[in-house]
Amino acid sequence: MQKNLKKLTKRSEPYIFLVVLALCLLIEVRSGQFFTANNLVDIASAMVVPGLFAIGTFMVIVSGGIDVSFPALASLTSYATTKILLDAGYTGGIWLPILMSMAMGALLGAFNGVFIGFLGLPAMIVTLGSSSVFKGLMQGALNSVQLTVIPKGMQSFGTSALFVATNPVSGLTSRMPLGFLVFAAVLILSFFIMRYTFFGRGIYAIGGNEVSAHRAGFHTKRTKFLLYVFVGMTASLAGLIRTCMMQQNHPTNMLGMEMNIIAGVVLGGTAITGGAGSLTGCMLGTLLIVIVENSMILIGIPTIWKSVFVGALIIIGTGISAYQVVRANRTGGFKSRIREVKA
Amino acid sequence: MSDILLRASGIHKSFVGVHALKGVSLEIAPGEIHCLAGENGCGKSTLIKIISGVYQPDAGSIEFDGKRLDKITPIDAILLGIQVIYQDFSVFPNLTVMENLALNSELSNKRKVVNWKRMRQIAEEAVAKINFQVDLDALVGTLSVAQKQMVAISRALMFNARLIIMDEPTTALTRKEVQALFKVIMQLKAQGIAILFVSHKLNEVFEISERFTIFRNGELVVTGQTKDLDAAKFSYYMTGRAFSEEQFTATKLGDKPLLEVKNLGLAGAFSDISFSLRSGEILGITGLLDSGRSELALALFGIRQADSGEILIKGKKTAITCPQDAINNGLGLVPEDRLSEGLFLPRSIADNLIIAEVDRLANRFKVFDREKRQEEVDRLMKEFAIASPNANNACQTLSGGNQQRVVLGKWLACGLDILVLNGPTVGVDIGSKHDIHAILQNLAREGMGIIIISDDLPEVIQNCSRVIILKEGKIVQELDAAEATEQAILSKMM
Amino acid sequence: AQDKDWEIVVVPKDASNPWFVRMKVGVDEYAAETGLNVYQKGTPEIDATLQAQLVQDLIAQGVDAICVVPVNPESLEPVLKQAMDAGIVVIAHEGASLENVNYDIEAFSNTGYGAFIMDNLAEAMGEEGLYTTMVAHVTNASHNEWADAGVAHQKEKYPNMTLLADEARVESEDNGDVAYNKAKELFKKYPDLKGIMGTSSYDAPGVARAIDELGLVGKVFTSGTGMPADNKALLESGTVKSLTLWDPALAGKAMIALAVKVLNGEAIEAPIDLAVDGYTALTFKEGSDKVLEGQGWIVINKDNVDSFGF
Amino acid sequence: MTTSNNKTMKAPGLWARKDSHVVRLLLVMAIWLIFMALTKPTRFYTLINFQTMASQFPEYGLMSLGVMLCMITGGIDLSPVAVANLVSVLMAMLLKELAPDGGLPGYAIPLVFLLGAAMGAALGIMNGILVSKVRIPPILATLGMSELLTGVAIVITGGAAVSKLPMEYATTINSKIAGLVPVQLVIFSVMAVLVWFLLSRTTFGTKLYLLGTNPQAARYSGLNNDRLLILTYMISGIAAALGGLVMLANYNSARANYGSVYVLQCILVVVLGGVSPSGGRGKISGVVLAILLLRMLETGINRFPQISSYYISLIWGGVLLLVMVLDYFSAYRGPRKRKTA
Ligand SMILES: Nc1ncnc2c1ncn2[C@@H]1O[C@H](COP(=O)(O)OP(=O)(O)OP(=O)(O)O)[C@@H](O)[C@H]1O
Ligand SMILES: Nc1ncnc2c1ncn2[C@@H]1O[C@H](COP(=O)(O)OP(=O)(O)OP(=O)(O)O)[C@@H](O)[C@H]1O
Ligand SMILES: [Mg+2]
Ligand SMILES: [Mg+2]
């Protein structure tokens, strides 16, 4: 028991959880609106897209890589899907759009995967390059413009609700979007993959020591390739859901999300150098970022102070978990050693 | 069935610019313990990687169990029953001991889904086989070097292996563990498993192996029965030269102590350590794993900070809170793990050599005096006989022995008074080891104070004028050269 | 005639915003009608520095006239000065504060426009209640001008309306999703809030989505800028009563027409007829000899939304 | 160690290998220049065009130099644009203060540069402390600082631009020495030479590369890693501040959000220049080439009215991947980078 407790204090999840909790309480105190049903549903719904992105980012960072191309990838696939279906006058359900965009996502993910997995090029460089390429394809070749009308099936998927939460006091209602179900499903799937499949353990192993992973019999190249394919698929799914939820496709407004998502994942205790981190922590970190971004007004931070607040939060939030590492370092813990070697 | 389990013949392998293996052959019979020896860089590891499917040979053939192997992958090799314990252990620092142990076997069974219960069972069985005590849920990164190696060994042993290849398995093991390992090896042999054992340590080769093969410079020099071999022949085959080790005696002892350590303690590592070191002497510190010897070295060098006691350098009380303090006071440390702590592998040999004294090669604006820098690099390359055509080559192109010399050279370049070496010849071949000992002895004669931390007892006995024995973080005995015999040391160490 | 050789470039804020896509339609039409070498060239993203560099490139290239919709008037000044110094004709749109231009065409005055958006909002709100303003970024020049003008107009004309003092200006980051989330937050925190004055073309649709989801249709209101086709559904459902705009295609044409006049050395005296709808009787803004104002704005509501053809 | 088979590694081969990345960048640039010569000779090969380009790239060129240093240590700096904007906002206010009714005193410009650089240094030091002492991963520390500094600039200005500056500042920095060489280019060149000198001629440079290669070994070698990191981020801060001061002149105004696209652009440039994101490797020649190449691509594409500027991004990404793949297929394919267990 004591030992378990000690282990717990060495992890960063409890700290990030406390930070999230503290923030929630602050919002509650400032606005009295945090722990209301509709607000919680709002947060959950705002979590869908960043959450999906964060899952992919988490897996990539655990493998020792990094992906900065997912917003461009998601933008390209969701734009292409919406545009093609609009042009074709598609009126059917949501399945075709989902399949289409995920297939494209897999293809673009494979593009990353070939360079990173099979050629072994540094992930950062490859995804920087491919992000530019995807963006260029979307804006240049597809000549993207904002699409304010989306196919019927996508429209109704975006507006139909799992349930509707009503605030008994103000009477405000919030829809829990169907997309949340998708997010939850992907989350469970990823949890299963990372914990219960050798593909997932391979991702951890590669992040820890790629050469050893190869020698141990993991197909390291194939694993990395498939990983980027998977990430491409989740990212494109996120892009499509975002389009549905927004009821329109704005080709560029996901671009630039990557840094915040990565920040959330690392905030949640995932080692940027790979090999260590948990999906729980990753979700907590992302949740923290989402709550902050969607509660400025509730806390009562004036708009012009927003960036100051977010910046300070990132620094303090990461500072706290970084401090854990410094402490672990003093007692000869391993995380810090890994960091020193690979940083 | 043939009576040859593995037959490699005419193997060639080239890397860019290096012909690593030039048509070597090797035969191993079932249940045989075969020793592969050779200087650093002669191609042993390369051959192993070819046998285990990590590399493909350029020419030549490999037969295993009568079947010719073509284009195999590591997993194929594992499935065939070939297991390798690599020189760098190939463990996953970020995963638990349990997973490290069980991953390979599960993978070789082509499992796709993880069964944690079964994994734990596998791991428990694996450690039980060699009676290795370890917390299965600990992260391997938090283990000591020797424990990591034990993990690697237990992992290899649990397979239904036909051939187990060990690339220098004992480098980081203490005597006790080596004995345990040998016992296991004998058990395996009894089960008909063949062992290919790569080692630089003469006594081990004689103790365990039945047959041996020696490579030099990518070629086969000799192969035969170990009983026909003696120490002199062994070194001669390996190096192509003959030499004898010299017993060190301190000739020019300084009269005042260079370094005095008084009641030094560090919670959880060592306590109440007191000793002194005079110029011109070589002090040996030995002890089992976890006896606190490495932590002591780190504390002297300022990487860890002692929490009680004091350190006096040249009679002056000195606070050493970081490596710079140590260096400024004329104390240097050759670390235990030269790859991760001692060297900048992708950088040039020159940079590696001069980094510790870099500020002295520059003017006061920290701009290099390029002539002085070049001279210094040339001097060090020559003085330490570093075998490379160009000091601007990357350090990773050097063999292990040469790399170790670079680490040594780096410190000696700074003109230190005191040098602490932690495992100075771990994994170094006989030739280089001899050279390094000669260098150290010379340095001592020139007035340096040297501390060798090692559990290679012959090394300690031969080179040290005094030996301190650590046990469980305390000094249990101090012996002088005359008293220091293997037997005497061992009896105190255990 | 001789003006066939003119090379005239229209530089919008960026190119994927529907607004400037529409402007390009006008520019291309103009080129097709007149056979002039006129084209629109935008930067990949809305970014002041990128735009300035594009203009510099055009100067180095030696085009004859540059018609620009500045992302940020201040940062473009020195660059436009370079253009003027190089003898290039510079016409701006939405850049009334610019000095280094031959002329600036406004479909209307910025203050007038802000006031007009406010009129629309006030009408929807019944001229009473709490409201706030939304801009893309607090760093965005014209949005803040409109919002300021709107607030000033309200103070003067609608005494029963009050600006939400705690959150007088929120940011939509030119992103419909952010506008949506911000609106949700606002309505949660301030139950009395009755209206949001939008400025960017992403604001009103985003806010409208929030209004719809929160179940506040008919209770709270928004107004702002928007293109007819993009907002048809919102207008028809009644979530948004009316939106304001001018036709960017016409603005584009007007800029080019003016540039041609200047290049041809024609005297520019008010009222100017550019032969473009809404720009047939441009007059100089009071106290200015550079800023020309037209009568170009339009209100769209559910009744006329289908009549624009864009 | 009498036997050494290393002799086969010839020195000339080594040289070519070392600089092959630079050679490849030169090749891409040459191809582009030839392409421009064939398609738009009169619109590209003019003095004014080259002068224009030379006055444009120093903004992000300066920032890239700082990012490069940070990347050599194995870190990254996402804050240069924020530093540049905060510095330029404050300096713009100072300029207005110094010349209440036009007429800037002679000492004003040197003063602004000194103060600006000092501020950049201070902000850089803050980054450095977060990275080294607090040990926040660089990507997060500098992202956080970037938000924070942008925020401070917004709070100071209320989001508006600081404009109506005394003209002397902009005209001085925008002028051309001897009517030929843009001052911005001179500022960039001075900084680039300085960084080159630091990296190849001083102990700082050597230490930086070694620190980036293996921080643990650096520590064991007695390097003061923390101080090195702080110094590095400080220099990056100075470079960013200079970039900000050039922007201040180019736009004769300052605002919290100028040049937001430069953040990713700097990273792209540095990586394209051959700096390894994992640290320890990279040369100034490569980075300068990449900076130039980028400008030439962009300006070149702007010469084609029909081609959407969106293709710039496509070409960029394409060039980056192409150069990497060429590196891959022709490079010395040694064993994978050793990872220590
Ligand atoms: N991946 C590689 N790339 C290039 N050259 C290599 C590579 N691996 C080995 N070599 C070369 O092959 C030769 C043999 O190396 P190998 O690792 O087999 O030596 P070894 O016998 O294991 O030495 P040691 O006793 O030090 O372990 C070396 O001299 C080296 O130059
Ligand atoms: N990247 C590389 N490039 C060229 N040669 C290499 C490279 N990596 C290893 N080698 C060669 O491999 C040989 C063996 O190196 P290795 O890393 O196996 O150390 P080692 O010699 O086995 O060390 P030890 O002293 O423990 O035996 C060396 O001779 C070295 O020249
Ligand atoms: Mg070896
Ligand atoms: Mg070896």
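So that the names make sense, note that chain A is the first sequence line, chain B the second, and so on, each numbered from 1. Please read all numbers here as calculations on a predicted model, not as lab measurements.
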Can you say whether [X] sits under 4.5 Å from chain C via the side chain, the backbone, both, or neither, judging by heavy atoms?
{"X": "Glu59(D)", "result": "side chain"}
{"X": "Ser313(D)", "result": "neither"}
{"X": "Arg303(D)", "result": "both"}
{"X": "Tyr262(D)", "result": "side chain"}
{"X": "Met247(D)", "result": "side chain"}

Mind checking the [atom1]-[atom2] spacing from [X] to [Y]? Nearest 0.5 Å is all I need.
{"X": "Ser75(C)", "Y": "Leu248(D)", "atom1": "OG", "atom2": "CG", "answer": "12.0 Å"}
{"X": "Asn252(D)", "Y": "Leu76(C)", "atom1": "CG", "atom2": "CG", "answer": "12.0 Å"}
{"X": "Gln82(C)", "Y": "Ser55(D)", "atom1": "CD", "atom2": "OG", "answer": "6.5 Å"}
{"X": "Gln61(C)", "Y": "Asn302(D)", "atom1": "CD", "atom2": "CG", "answer": "7.5 Å"}
{"X": "Lys81(C)", "Y": "Met167(D)", "atom1": "NZ", "atom2": "CE", "answer": "5.5 Å"}
{"X": "Ser163(D)", "Y": "Glu74(C)", "atom1": "OG", "atom2": "CD", "answer": "4.5 Å"}

Within 6.0 angstrom of Glu33(C) CD, more than 12 heavy atoms from elsewhere: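 Above 12, so yes.
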Residues, nucleotides or ligands: over 12 heavy atoms within 6.0 Å of Lys24(C) NZ: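 Open.
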Contact winner vs chain D - Val79(C), Asn72(C), Ile59(C), heavy-atom pairs under 4.5 Å: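 The answer is Asn72(C).
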For chain D, the option from Glu77(C), Glu45(C), Gln56(C), Glu99(C) that forms the most heavy-atom pairs under 4.5 Å: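 Between Glu77(C), Glu45(C), Gln56(C), Glu99(C), the count favours Gln56(C).
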Residue among Ala160(D), Ser260(D), Ala254(D) with most heavy-atom pairs under 4.5 Å to chain C: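 It is Ser260(D).
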Which of Phe50(D), Phe44(D), Tyr258(D) touches chain C most, by non-hydrogen pairs under 4.5 Å: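 With the most close heavy-atom pairs to chain C, the winner is Tyr258(D).
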Interface moiety of Leu50(C) toward chain D, non-hydrogen atoms closer than 4.5 Å: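 Only the side chain of Leu50(C) comes within 4.5 Å of chain D.
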By side chain to side chain donor-acceptor pair (under 3.5 Å) - contacts of Tyr39(C) (at least two apart):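 Side chain to side chain donor-acceptor pair (under 3.5 Å) check on Tyr39(C) returns Glu7(C).
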Contact summary for Asn250(D) and Pro78(C), nearest pair of heavy atoms: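 In terms of heavy atoms, the two residues are closest at O-CG, 3.1 Å.
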Side chain proximity check, Lys41(C) to Phe304(D), heavy atoms < 4.5 angstrom: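 No. Closest side-chain heavy atoms not under 4.5 Å.
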Among Asp47(C), Ile46(C), Thr43(C), the one residue meeting side chain to side chain contact (heavy atoms under 4.5 Å, CB included) with Val261(D):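 Single side chain to side chain contact (heavy atoms under 4.5 Å, CB included) partner of Val261(D) among Asp47(C), Ile46(C), Thr43(C): Asp47(C).
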Side chain to side chain contact (heavy atoms under 4.5 Å, CB included) between Asp57(C) and Thr52(D), worked out: CA-CA 7 Å; Asp57(C) 276 350; Thr52(D) 303; 4.3 Å; yes
